[in-house]
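So that the names make sense, note that chain A is the first sequence line, chain B the second, and so on, each numbered from 1.
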There are 2 protein chains.
Amino acid sequence: MPRPRVLPFIILGLLNKNGSMSGRDMIKEFKNEISEFWSVSHSQLYPELQRMLEEGDIEVRKGSSNLKVINYQITKNGIEKLNQWFSESINLKNDDLTSVKLYCIVDRRSPLLSEIFEKEFDLHNQKLKHLKERRQMLFQNQEQINNEYGHYLILTRAIRREKAYLDWLKMNKSKKNR
Amino acid sequence: MPRPRVLPFIILGLLNKNGSMSGRDMIKEFKNEISEFWSVSHSQLYPELQRMLEEGDIEVRKGSSNLKVINYQITKNGIEKLNQWFSESINLKNDDLTSVKLYCIVDRRSPLLSEIFEKEFDLHNQKLKHLKERRQMLFQNQEQINNEYGHYLILTRAIRREKAYLDWLKMNKSKKNR
DNA sequence: GACCGCATGTAACGCGTTACATGATTAA
DNA sequence: TTAATCATGTAACGCGTTACATGCGGTC
């Protein structure tokens, strides 16, 4: 069994947020706003849109002003799928998509937000703990560090990165949602 | 023209660092040490090893104790390719591999290190500047933030991440190399 | 009417994963 | 000797990119 596709969900998230978009619009939003966390090229997007049409998650918006530009909108079917995606709990496997999910949540008071923050905090706290244990185990003295300096470097970088992310999560966890 | 392969270089880096390894050894090192930054599965690795054999970058080490385990070592050809990879200058396109490159550099006094730190600093300083400009442009008041809260969140996260990385780079740039 | 830009479409390929297969080594 | 384990191998597919193709729409 191959891994389930994720691009459809991201497209649904965009359509749900913006109402109606053409393929071109999506490409632009991907490139300008989400490229830090996610990327897609048009040669991947257009076939996916056709497939989603067939599966009934999106539909062509009637009355387009331009013959060439095709505007899509989400269907009830699609909204259902999207909500299911949102409510899937975060784990190590799908964590790379958490930022994209966040991006699609426009309402500051959404209960999904604090859920995500809590879960992410636990997950990355665990990760930080594991990284620190590895540093402790592998690099107990200066000689071991000098013996594999590159390895030591990227381990310290990973630890820094996780710490910074946990700080950010902590800050947002403690914020009131209004 | 398809994108050039990168897995061969990483394999060369490992072999250069460790002397002689079997496919299994590489898998283990990938999983245990580099998985934070890079991953590979055996079904990708083994065909790659065969291809590299054909291309003359690696060779089978003679006198293996075990009939089944195949131990590889790097050839002169391979060392040349590896050094060329190391000396390629870092840019936005190949930046995702910088951590793996670092990992393969064992010598703390290697001149490559400070080169990488300098270049990375410039690159990510630029990135941070761009992110801050976008935040400035898109979110000038609380209303705009509340209107697209998820977008605001991931933008602030990206800014934090870049700041943390720049701090780490600054720390390592200023370290004496002995 | 000739030209260019742009939204959309198609093809090929590298990257990475899961699933399944094979044959050698080791354990019972 | 039978069973389990393990290193290696193969297949299919989703993800993402570059290159190339098509055809509408506007500009000169």
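When the P atom of D:dT10 is taken as reference, atom CZ of B:Arg51 falls 15 Å away, rounded to whole Å. Here the P atom of nucleotide C:dG9 and the CD atom of A:Glu48 are 13 Å apart, to the nearest Å. Atom P of nucleotide C:dT10 and atom CG of A:Leu45 are separated by 13 Å, given to the nearest angstrom. C:dC15 atom P lies 15 Å from atom CZ of A:Arg3, rounded to whole Å. Distance, A:Arg5 CZ to C:dT18 C1': 17 Å, rounded to whole Å. Between A:Ile11 atom CD1 and C:dT8 atom C1' the separation is 14 Å, expressed in whole Å.
Side chain of B:Ser39 to backbone of B:Ser35: no donor-acceptor contact under 3.5 angstrom is found.
Residues passing the ring pair (Phe, Tyr, Trp, His ring centres under 6.0 Å) test with A:Tyr165, sequence neighbours excluded: A:His124, A:Trp168. In terms of the side chain to side chain contact (heavy atoms under 4.5 Å, CB included) criterion, residue partners of B:His130 (sequence neighbours excluded) are, by chain and number, B:Arg134.
Two residues, A:Val6 and B:Leu49, neighbour DNA chain D, and the one matched to the more 5' nucleotide by heavy-atom proximity is B:Leu49.
Applying the 4.0 Å criterion to OP1 and OP2 of D:dT8, one finds that B:Tyr46 has a side-chain N or O inside that range. Between C:dG16 and A:Lys93, no contact under 4.0 Å exists linking OP1 or OP2 to a side-chain N or O.
Residues A:Glu29 and A:Lys17 are paired through a salt bridge, judged by an N-O separation under 4.0 Å between the basic side chain and the carboxylate. Using a 4.0 Å cut-off between charged nitrogen and carboxylate oxygen, A:Glu55 and A:Arg51 count as a salt-bridge pair. Under the 4.0 Å criterion applied to side-chain N and carboxylate O atoms, B:Lys28 and B:Glu33 are not assigned as salt-bridge partners.
Taken to the nearest 0.5 Å, the CG atom of B:Asn147 stands 12.0 Å off from the CG atom of B:Leu138.
Picking from C:dT10, C:dT17, D:dT18 the nucleotide with the shortest atom distance to the side chain of A:Gln50 gives C:dT10. Closest to the A:Ile70 side chain, of the nucleotides C:dG9, D:dA7, D:dG9, is C:dG9.
Within residues 20-44 of chain A, the residues having any heavy atom closer than 4.0 Å to DNA chain C are, in order of number, A:Ser22, A:Gly23, A:Arg24, A:His42, A:Ser43.
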